[in-house]
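This report refers to the structure that appears directly beneath it.
We count ligands from 1, going down the list as the structure has it; atoms in each ligand are counted the same way.
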Amino acid sequence: MDFQWYPGHMTKAKRMMQENMKLIDIMIELVDARIPLSSRNPDIDQLAANKFRLILLNKSDMADEKVTAMWEDYFKSKGFFVAKTNSKAGKGVKATQSIIMDACKEKLERDRKRGIKNRPIRAMIAGIPNVGKSTFINSLVGKACTKTGNKPGVTKGKQWIKLNKNIELLDTPGILWPKFEDQTVGLRLALIGSIRDEILNQDEMALELIEFLTMNYEGILNQRYQVDETMDRVKILEAIALNRNCKLKGDELDYTKAANILLEEFRNGKLGKISLETPEEE
Ligand code: GDP
């Protein structure tokens, strides 16, 4: 992870987004489908007030499908257009073009009534670091894109990527900062590997994950590490260390190594499709 947030960064990122807001019709916000609320910054609601809104539940390949369906309903009930995407594999990405058109139909209708023809919809992608903005844009745009905008050196201007005759995309995504000062949010972002590991203690994170999994995804830890899930979480971590032969000198168990294996395997999807938050907690 190569980002760190300082107040200066945040102010600059916010100012850039504010400036760009004048230029766009629709805000396309990427969130991580495993933690749709923890991976968004609600400030965007104020920033993008009066814009058409589309939320993309990205990395849906890693999330629990049933929970993702609940999140789709949740965001729809809040008035957002919603879609799920797997940008890495390009799934659901092209389909967002017609959703964008649908989300902006009021604007198209307004233009039509005023006799304005062929004015493209202008869109911006935004999200916190690591949700997949670049991957999504690359997948959506592919190679067959044409950049429009002012020539470099003549006037400094925005670069627009023409997706098709109806939609143009601002080529630099808006960056929102995560709200990691909230402990639960910070923990969830760290668990999916979205913020620096050093911020939180590995053993503690693994224990939190063990507790969450035994409560919400019974059987997963037993299946992968042959552990008795009725034990307390420290005992379970110990059993994982034994299962994976994580030993220090003198045959002492290496809990931190076991914690790292668990976290790594969770992040790589080896434990299955798991969502860390549901709309029910709201
Ligand atoms: P950005 O910081 O928002 O631009 O995020 P990136 O596009 O750099 O993506 C961050 C990481 O997430 C990269 O390792 C991507 O390969 C991965 N990624 C992006 N989208 C997806 C997705 O839909 N599914 C999975 N499994 N990984 C993804």
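Closest to atom 4 (O) of ligand 1 among all protein heavy atoms lies Ser134 OG, 2.6 Å. For atom 23 (O) of ligand 1, the nearest non-hydrogen atom of the protein is Ser87 N, 2.8 Å. With hydrogens left out, the protein atom closest to atom 20 (N) of ligand 1 is Asn58 ND2, 3.2 Å, a heavy atom. With hydrogens left out, the protein atom closest to atom 10 (C) of ligand 1 is Asn130 OD1, 3.1 Å, a heavy atom. Considering only non-hydrogen protein atoms, atom 26 (N) of ligand 1 sits nearest to Asp61 OD2, 2.7 Å. The protein heavy atom nearest to atom 27 (N) of ligand 1 is Lys88 CD, 3.4 Å.
At least one N/O-N/O distance between Asn86 and ligand 1 falls below 3.5 Å. For ligand 1, the polar-atom distance check against Gly132 finds a nitrogen or oxygen pair separated by under 3.5 Å.
In the candidate list Met62, Lys133, Lys59, Lys84, Lys59 is nearest to atom 21 (C) of ligand 1, counting heavy atoms. Closest heavy-atom approach to atom 19 (C) of ligand 1 among the candidates Ile137, Ile192, Thr135, Asn138: Thr135.
For atom 14 (O) of ligand 1, the nearest protein heavy atom lies 4.0 Å or farther away.
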Pair Gln223-Tyr217, side chain to side chain donor-acceptor pair (under 3.5 Å): steps then yes or no: CA-CA 11 Å; Gln223 200 183 353; Tyr217 290 92; over 6 Å; no
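When only modelled atom types and interatomic distance are considered, Ser60 and Asn86 share no side-chain donor-acceptor pair under 3.5 Å. Asn243 and Gln226 are linked by a side-chain donor-acceptor pair at a separation below 3.5 angstrom, with hydrogens and angles left out of the test. Inspection of the Tyr74 and Glu280 side chains reveals no N or O donor paired with an N or O acceptor under 3.5 Å. Looking at Gln159 and Thr172, their side chains never bring a donor and an acceptor atom within 3.5 Å of each other.
Ring-plane geometry between Phe80 and Phe75 is classed as perpendicular, the angle between the planes exceeding 60 degrees on a 0 to 90 degree scale with a lower cut at 30.
The nearest pair of heavy atoms linking Ile26 to Arg53 is CG1-N, 4.3 Å.
No side-chain heavy atom of Trp160 sits under 4.5 Å from any side-chain heavy atom of Asp171.
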